[in-house]
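Okay, so here's the structure we're looking at.
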Amino acid sequence: MKAFVTGATGFLGRYIVEQLVARDADVRGLVRKNDDHLKDLGVEMVCGDIRDTAIVRLACKDVDVVFHTAAIAGIWGPWQHFHSVNVQGTINVIEGCLNNRVGRLVYTSSPSVTFDGKDQMGVDETVPYASKWLAHYPQTKAIAEQRVLQANGQSDLLTCALRPHLIWGPRDRHLVPRLLDRARSGRLRRVGDGQNQIDTVFVTDAARAHLLAAEAMEKGRSVCGRAFFISQDQPVNCWDWINELLRLAGLPEVEKSISKAAAWRIGAVCEVLYKSLGLHREPPMTRFLAAQLASSHFFDIGRAREDFGYTPQISIGDGMRLLANSW
């Protein structure tokens, strides 16, 4: 199998590459610059930007399957920046697949495409896209996901979208490090009543789900044109999980708290101020962040289990031990 991975040096993309190589696949990766680790794995690297139509089309040549993980994540920034990467970049990947007669496309989406600020407890893929958007990231990911699913069946291209929730594990450069930085600087506050339950997914399980989905499409299973929630299938108390991470890092647990309503108001004020001043750096609070930290969001992964045999292999406890060992 010849596979092309966008975002090959990213957190999830790197694990997908490693699992493909372990299965003796020939792997090509889209990267911003050459990477020694990928070179050692024997990965063919294409240096370029997902927004470059010509580069993406060239990178899709002579491959059987594309794993599209490249994206801009975050809670703040210009609309055009998010749209150019998350939407236009995805359109470039779709067109690259169609022009090169690629057989399969697995897109890394996000559960936030259905999040409008309210609790989501045990919801499945029948839940609709959000009716209002609190950040550019989920909105652009939703647009891109719909484009991918609509492309299913065009020129014999088969597509699906996976929605892994809160990917974590060794080599994470965003989620956990940002959390620890906030704690070290004294800016971390518990938002809400501290009872909200959340889903997470360990990075190796998230990567394996992508390979399982690609294999299922090749075998003609009912994966094509569908979206799938991916998680550890083990909801945890959000703030207990955060406190465990802090303990692993030798930091004190979260003690100070703020109500969801107060955090929401602060987030709204920050958004107005940052927009009026033209500030691109991330505000300390936004309405999206307040809602995420205070609400429950966990998902039914029955469709992924039934359609392509996904079951998590790493428990929360095992994941914590692996993360601690990596530190």
Side-chain angles (χ1 to χ4, degrees), residues 10-15 71-77 108 110-112 115 117 120 134-135 137-138 141 163-206 230-232 234-260 262-264 266-267 270-271 274 281-299 314-327:
F11 181 36
L12 175 63
R14 193 178 292 271
Y15 279 92
I72 292 295
I75 62 173
W76 191 254
T108 306
S110 165
S112 64
F115 181 69
Q120 292 185 299
L134 300 174
Y137 171 72
K141 291 295 284 186
R163 300 169 175 173
H165 191 257
L166 287 180
I167 305 173
W168 63 287
R171 300 192 307 222
D172 172 20
R173 295 174 295 189
H174 299 286
L175 175 64
V176 173
R178 286 160 62 90
L179 184 70
L180 299 183
D181 284 344
R182 280 190 174 237
R184 291 190 184 101
S185 64
R187 294 182 293 117
L188 186 60
R189 301 285 188 277
R190 182 173 59 248
V191 180
D193 61 10
Q195 300 304 308
N196 52 314
Q197 300 284 308
I198 61 168
D199 260 339
T200 68
V201 61
F202 197 72
V203 63
T204 55
D205 279 332
I230 301 295
S231 78
Q232 222 60 29
Q234 185 185 353
V236 295
N237 177 284
C238 175
W239 297 97
D240 287 348
W241 182 70
I242 288 174
N243 281 331
E244 187 170 356
L245 288 171
L246 296 179
R247 287 195 296 271
L248 283 180
L251 296 171
E253 297 182 5
V254 181
E255 295 182 350
K256 298 179 180 180
S257 64
I258 185 173
S259 70
K260 179 180 179 180
W264 180 277
I266 292 170
C270 286
E271 290 176 37
Y274 274 58
R281 67 177 183 270
E282 186 177 296
M285 182 58 68
T286 68
R287 292 171 298 161
F288 179 77
L289 182 58
Q292 281 277 307
L293 291 175
S295 63
S296 290
H297 28 102
F298 55 92
F299 309 92
I314 305 296
S315 68
I316 298 293
D318 289 342
M320 286 292 184
R321 284 187 285 274
L322 290 168
L323 181 61
N325 289 340
S326 74
W327 288 347

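Numbers for residues simply follow the sequence, beginning at 1. In this text the structure is predicted, and so the values were computed from the model without any measurement. Quick note: numbers below take in every heavy atom, side chains included, and nothing from hydrogens, waters or symmetry partners.
Heavy-atom minimum distance, Val191 versus Ala263: CG1-CB, 3.8 Å. The two residues Leu289 and Arg182 make their nearest non-hydrogen contact at CD2-NH2, 3.8 Å. For Phe202 against Gly169, the heavy-atom pair with the smallest separation is CE1-CA, 3.7 Å. Closest approach of Pro138 to Phe288, counting heavy atoms only: CG-CE1, 4.0 Å. Across Ala183 and Leu246, no two heavy atoms sit closer than the pair CB-CD2, 3.6 Å. The shortest non-hydrogen separation linking Ala291 to Gly117 is CB-CA, 3.9 Å.
The distance from atom CD of Gln232 to atom CG of Leu166, rounded to the nearest 0.5 Å, is 11.0 Å. Atom CG of Leu248 sits about 6.0 Å away from atom CD of Glu244, to the nearest 0.5 Å.
Legend: side-chain hydrogen bond (donor to acceptor under 3.5 Å, both in side chains) pairs involving residues 250-259, not counting sequence neighbours, sorted by first then second residue: Arg247-Glu253. Evaluation of the salt bridge (charged side-chain N to carboxylate O under 4.0 Å, His left out) test over residues 186-198, restricted to residues two or more places apart or in two chains, returns none.
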Trace of the side-chain contact (heavy atoms from CB on, under 4.5 Å) decision for Val203 with Asp172: CA-CA 9 Å; Val203 63; Asp172 172 20; over 6 Å; no
With side-chain contact (heavy atoms from CB on, under 4.5 Å) as the test, would you mind laying out the steps for Leu293 and Trp239 before giving the verdict? CA-CA 9 Å; Leu293 291 175; Trp239 297 97; 4.1 Å; yes
Under the side-chain contact (heavy atoms from CB on, under 4.5 Å) rule, what do Thr204 and Leu322 come out as? Steps first, then yes or no, please. CA-CA 11 Å; Thr204 55; Leu322 290 168; 6.0 Å; no
For the pair Asp181 and Arg184, evaluate salt bridge (charged side-chain N to carboxylate O under 4.0 Å, His left out) and give the outcome as yes or no after the intermediate values. CA-CA 5 Å; Asp181 284 344; Arg184 291 190 184 101; 3.5 Å; yes
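A 4.5 Å side-chain heavy-atom check between Ser112 and Tyr137 finds at least one atom pair inside the cut-off. Looking only at side-chain heavy atoms (C-beta outward), Tyr274 and Pro284 come within less than 4.5 Å of each other. Ile242 places a side-chain heavy atom less than 4.5 Å from the side chain of Leu179. Put simply, the side chain of Leu323 reaches to within 4.5 Å of the side chain of Ser326, judged on heavy atoms. For the pair Trp76 and Pro283, the minimum side-chain heavy-atom distance is below 4.5 Å. Residues Met320 and Trp168 meet the side-chain proximity criterion, which asks for heavy atoms closer than 4.5 Å. Inter-residue side-chain proximity for Ile167 and Leu175 is flagged as unmet; no heavy-atom pair is nearer than 4.5 Å. The shortest side-chain heavy-atom distance between Tyr15 and Pro170 falls under the 4.5 Å cut-off.
Centroid-to-centroid, the aromatic rings of Phe299 and His165 come within less than 6.0 Å.
Of the possible polar contacts, none joining the Asn196 side chain to the His297 backbone as a donor-acceptor pair under 3.5 Å is found. Glu271 places a side-chain N or O within 3.5 Å of a backbone atom of Arg287 that can act as its donor or acceptor partner. Asn243 places a side-chain N or O within donor-acceptor distance of the main-chain N or O of Val254, the cut-off being under 3.5 Å.
For the side-chain contact (heavy atoms from CB on, under 4.5 Å) test, residues two or more places apart in sequence or in another chain that qualify with Ile266 are Ile258, Cys270, Met285.
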